[in-house]
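Small disclaimer: the values here were computed from a predicted structure and weren't measured.
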Amino acid sequence: MTSKWVRKVVARRDYTVDWRFISLRLVNAGVDYERHFPAGYEAGHTAGLRLLRVAAKARAEHGRDAVGPLYEAIGTQTFDAPSSAGRDTAAYGERAFVEPLLQQAGLPAALADALEDGDWDELIQAETDEALSLTGKDVGTPIIHFGPPEGTAFFGPVISRLPGDDDAVRLWDHVVGLASFPGFAELKRSLRERPQLRAFGVEPGETGMEEDWHGGSRRLTK
């Protein structure tokens with residue numbers, strides 16, 4: 001949802017976005033998923049890591065500009081396609097899922113070979129570590145680094161609804177204002193609406209059910 005908002009801002013402002021990698025599966029490598037997360041989280045995070053391998057290979061072979069369109073294609077099909085609600089998240093890490101999206105992004109379907117290639121994990125871990133070095137470790141995703149390399153980075157903003165064009169820019173300006181204030185550290189609430197995405201059972205224009213998230217995800221409290 002945040003990436004959809006950022007793309008709206010980019011369309012109306014002279015910004016360049018470098019889409020980089022953070023793997024929640026690597027962040028949670030030492031976590032007992034069965035104890036700490038709802039069912040399906042480990043499969044989803046593992047599929048995400050496999051897709052990041054593909055994105056890393058695409059960037060290495062086709063340049064940094066290849067990442068944004070691929071991420072948009074994957075994100076749309078994963079979270080906002082009519083068929084995304086209730087889909088087995090493990091399937092997102094399979095060739096049958098990613099090959100059509102590579103072609104949609106103008107990239108060779110053969111990049112799907114990277115799904116099984118753990119050699120890319122070292123690079124993904126390095127970028128994950130870099131992201132967390134900018135914010136601290138008690139965060140989730142997304143992380144936005146404003147005006148790198150000197151600018152501030154924050155987890156969020158986490159939004160549940162996609163703003164209209166004017167509101168998207170207005171929200172961006174407010175967030176940049178906070179990010180540019182020396183010493184600003186955090187605004188936070190754990191109560192969130194389910195995102196306005198079909199994968200969460202929320203159609204465009206609807207308001208998702210409010211839930212209490214813990215540590216940046218729907219972790220279980222026991």
Reference residue Ile143; test side-chain contact (heavy atoms from CB on, under 4.5 Å); the match among Thr2, Leu132, Leu134, Thr128: Leu132
Partner set under salt bridge (charged side-chain N to carboxylate O under 4.0 Å, His left out) for [X], not counting sequence neighbours:
{"X": "Glu116", "value": "Arg50"}
{"X": "Asp14", "value": "none"}
{"X": "Arg20", "value": "Glu127, Glu130"}
{"X": "Asp173", "value": "Arg13"}

Taking side-chain hydrogen bond (donor to acceptor under 3.5 Å, both in side chains) as the cut-off, I'd like each qualifying pair that reaches into residues 146-162, sequence neighbours left out, listed once.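 Passing the test, one end in residues 146-162: Ser160-Glu193, Arg161-Glu193.
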For residues 94-103, tabulate all N or O donor-acceptor pairs below 3.5 Å that involve a side-chain atom, not counting sequence neighbours.
residue, atom, partner, partner atom, Å
Arg95, NE, Glu99, OE2, 3.0
Arg95, NH1, Asp113, OD1, 2.8
Arg95, NH2, Glu99, OE2, 2.9
Arg95, NH2, Asp113, OD1, 3.2

For His36 and Tyr41: C-alpha separation, side-chain torsions, deciding distance, then whether ring-ring contact (aromatic ring centres under 6.0 Å, His included) applies. CA-CA 10 Å; His36 293 284; Tyr41 258 60; over 10 Å; no
Could you tell me whether the side chain of Asn28 and the main chain of Leu24 form a donor-acceptor pair under 3.5 Å?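 Yes: the side chain of Asn28 pairs with the backbone of Leu24.
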List in chain and number order the residues that pass side-chain contact (heavy atoms from CB on, under 4.5 Å) with [X], two or more places apart in sequence or in another chain; answer none if no residue qualifies.
{"X": "Ala47", "value": "Tyr92"}
{"X": "Ala91", "value": "none"}
{"X": "Ala179", "value": "Phe146, Phe154"}
{"X": "Asp88", "value": "Ala90"}

Above 12 or not: heavy atoms from other molecules or residues under 6.0 Å from CG of Asp65? no
Listed pairs under 3.5 Å, donor-acceptor, residues 3-10 side chains, sequence neighbours left out:
residue, atom, partner, partner atom, Å
Lys4, NZ, Asp80, OD2, 2.8
Trp5, NE1, Ala168, O, 2.9
Lys8, NZ, Asp165, OD1, 2.7

Strictly by salt bridge (charged side-chain N to carboxylate O under 4.0 Å, His left out), give each pair with a member in residues 36-45 just once, sequence neighbours left out. Arg25-Glu42
